[in-house]
Amino acid sequence: MNPTNLETAIARLDAKIDAIAQDLDQQWEAKKAKATEQFVLFAVIGSCGLLAYHHALHPLLSKVAITPTQQVIGAIAPDLEKPVKGGDRVGQFTMGMRDFGYHIHPVHGTRRFHNGVDIGARGGLPENSQLFVVGTGQRTKVTCLLQNPGAGLYAILEPEESPDRSFMAAHLNKCAFPVGESGYLKPGAVFGLVGGDPAKGAIAGTSTGPHLHWSERKNGEWVNPTYWPLFQVMHGNLPSPPLSRGGLNATKP
Ligand SMILES: [Zn+2]
């Protein structure tokens, strides 16, 4: 083989390698694009391998993958989807003792269905505590409503990324929009303040004192509120670590 032929052969090989690499890249990009439809990307602090999360996790995820750009496709850890009950710690707060389900109502004295959970000053959340928009996507619809007696001033939160799931924060002092109106806010933005004591003139509805009443709906039904949205509404961010410990099971081919 003379030098010219050798160079041509090398050039051809190079081109083939490039084509294969490009094909692999395209395959990976296609896979990533598909995964991204369902999964939300996390940033990784690349050098030390620690996961830095931003509040962008889809609640239904269960797999983790590192993309070529050092991003991670993540999952809300299953234990962050656990239901909360009285006495539970949720980050820096402690849940009140009125659980989801049937109770003797403290104001009415009759057996009533309590469609959420309560947390007040004794749990670390006094009147006028800031409440933060929940969600793992780009934006969440917030609707401010008034029901008196009842929930008082309250907000419905509907994260755009999970149309089957919504939340209610009741007995508020302030809500982001005028009563009867809606708007879109980013997860983590303040949408309201914990309400005061109706006995002292607060517009907080039927309530024995300042507290947040928090409810969750799935497919139109009240469910026992789960941990991470409650954490987020009180802290503004998602609990850490938000990722499952399931392992890194999809890496670049
Ligand atoms: Zn309640």
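Every number for a ligand or one of its atoms is a count from 1 in the order of the listing.
Under a 3.5 Å cut-off, the side chain of Asn224 and the backbone N or O of Pro83 do not form any donor-acceptor pair.
The nearest N, O or S atom of His211 is not closer to the Zn ion (ligand 1) than 2.8 Å. Taking backbone and side chain together, His171 holds no N, O or S atom under 2.8 Å from the Zn ion (ligand 1).
His213 contributes atom ND1 as its closest N/O/S atom to the Zn ion (ligand 1). Within Asp118, the N, O or S atom at minimum distance from the Zn ion (ligand 1) carries the name OD1.
If you look at Phe93 and His235, their ring centroids are closer than 6.0 Å. Remark: aromatic rings of Phe191 and Phe177 are distant, center separation not under 6.0 Å.
Val90 places a side-chain heavy atom less than 4.5 Å from the side chain of Met95.
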